[in-house]
Amino acid sequence: MLLIHCPHCNEERPELEFAYAGEAHIVRPNEAEQAEMSDADWSKFMFIRDNIRGDHAERWWHAHGCNMFFNAIRNTVTDKFTMTYKVCQKRPTEHQIKVAKND
Amino acid sequence: MLFDQGIDIPEALSGDALNIALEPEKARFNVRVKSKDVAAFKKASGFKFPVKIGATAKTGTQLISKFGPDEWVISDDAKSREKIAKKLSKLAGQFVMSATDISHRNIAFNVSGRLANEAVNIGCPLDLSLKSFPVGKATRTIFENAPIQLYRSGEDTFQIECWRSFAPYMVDFWTAFSRDIA
Ligand SMILES: [Zn+2]
């Protein structure tokens, strides 16, 4: 079974406790921006994702645990989690991901 | 007043190696307080809120477990229910917080004996070695398809809580387990 490190519980927990919650770092347009947006742009925000092959920044939910959402870098080819981090933190740089992989 | 919790535990589950018993009815409150207010809340309430997720504080019959960054569950014997409710509603006047009476939502089992670890691990994938799950730790987790709360009160003793409707489902797994090891 896959073990996922929850940055809130600060421990590795079995994947069965978690739920996937889509790509991370997608900023919701504010009210004013929404009013200006075309339907095409709105649907792009809602539905269109990069679907990256490789290191993917994505949201996870510790549903059967601390009940918090957090972000993770997971390789979509190997299914290996490189790192997890809190929602308030920036997307790690390529360099940071590389360093984390060597840990 | 105590009432029949409506759960029957088969005799096969009360052995020496594995003993599963129903815990009596309890008072339970889910409390959420903003992190910045916790120190003041603790001072005003006298509740011994543990600091780390997974930690518990036991005072007499009262157990306070921390399940999330800003979330605690207070559990106590059934007769303390009104007293705790009163205290919390008073505190709600002073703090931005939430307190929910969830006393009747759960059924609690006491799982003890040499095979207690296995009885938990047949449905729950957590590492129950004393190093990663020491005595006194509590967490929300999962048992097969049932969300549970797991608390280790001794090396070979666990308290498991689940929603009432999941209780017969849990008992079925343990009954099957007791047949397997018999
Ligand atoms: Zn967690």
Side-chain angles (χ1 to χ4, degrees), chain A residues 1-28 30-31 56-76 78-92 96 100-101 103, chain B residues 30-36 38 49-56 65-73 98 100 102 105-106 120-134 136-152 160-163 166 169-170 173:
Chain A
M1 185 174 300
L2 215 54
L3 295 174
I4 302 173
H5 182 268
C6 171
H8 296 279
C9 296
N10 203 18
E11 59 181 358
E12 307 226 297
R13 303 278 292 227
E15 66 171 303
L16 292 178
E17 292 183 348
F18 297 86
Y20 176 70
E23 192 176 326
H25 305 294
I26 291 171
V27 181
R28 190 183 174 85
N30 66 31
E31 231 173 296
H56 188 227
E58 53 194 24
R59 301 165 75 224
W60 282 82
W61 175 31
H62 198 181
H64 299 296
C66 63
N67 200 19
M68 294 297 284
F69 281 83
F70 59 91
N71 292 338
I73 301 291
R74 180 183 62 98
N75 190 297
T76 54
T78 61
D79 206 17
K80 203 173 156 61
F81 280 78
T82 302
M83 58 203 294
T84 56
Y85 53 101
K86 291 183 182 173
V87 171
C88 52
Q89 288 168 274
K90 281 209 173 86
R91 189 194 201 285
Q96 283 169 320
K101 272 185 183 165
D103 271 351
Chain B
N30 182 295
V31 181
R32 303 192 68 164
V33 182
K34 284 185 188 295
S35 308
K36 66 173 175 58
V38 172
F49 273 24
V51 178
K52 269 175 72 176
I53 296 176
T56 58
S65 319
K66 182 166 183 176
F67 288 137
D70 59 358
E71 183 181 358
W72 291 262
V73 168
S98 86
T100 312
I102 52 168
R105 190 173 75 181
N106 288 8
V120 177
N121 268 155
I122 55 162
C124 172
L126 281 181
D127 175 3
L128 295 179
S129 65
L130 283 165
K131 193 166 164 260
S132 58
F133 210 100
K137 183 168 173 173
T139 185
R140 264 193 298 250
T141 179
I142 197 155
F143 185 97
E144 287 288 336
N145 286 310
I148 60 164
Q149 287 167 22
L150 179 67
Y151 167 59
R152 186 177 217 153
I160 295 185
E161 297 206 357
C162 63
W163 287 8
F166 278 112
Y169 173 85
M170 309 279 294
F173 275 102

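These figures come from a predicted structure and were not determined experimentally. Letters go in sequence order (proteins before strands), and every chain restarts at 1.
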| Given side chains that start at C-beta, do those of B:Ser132 and A:Glu11 come closer than 4.5 Å, heavy atoms only? |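 Sidechains of A:Glu11 and B:Ser132: no contact.
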Might you point out which heavy atoms bring [X] and [Y] nearest each other, and give the distance in Å?
| X | Y | value |
| --- | --- | --- |
| B:Arg140 | A:Gly65 | NE-O, 2.7 Å |
| B:Ile53 | A:His8 | CD1-O, 3.4 Å |
| B:Pro69 | A:Cys66 | CD-O, 4.1 Å |

| said: Counting only heavy atoms from other residues, nucleotides and ligands, does the tally under 6.0 Å from NZ of A:Lys80 exceed 12? | reply: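 No, because the 6.0 Å sphere around NZ of A:Lys80 holds 12 heavy atoms or fewer from other groups.
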Which distance, rounded to the nearest 0.5 Å, do you find between the [atom1] of [X] and the [atom2] of [Y]?
| X | Y | atom1 | atom2 | value |
| --- | --- | --- | --- | --- |
| B:Leu126 | A:Glu12 | CG | CD | 12.5 Å |
| A:His62 | B:Thr141 | NE2 | OG1 | 7.0 Å |
| A:Met68 | B:Asp70 | CE | CG | 6.5 Å |

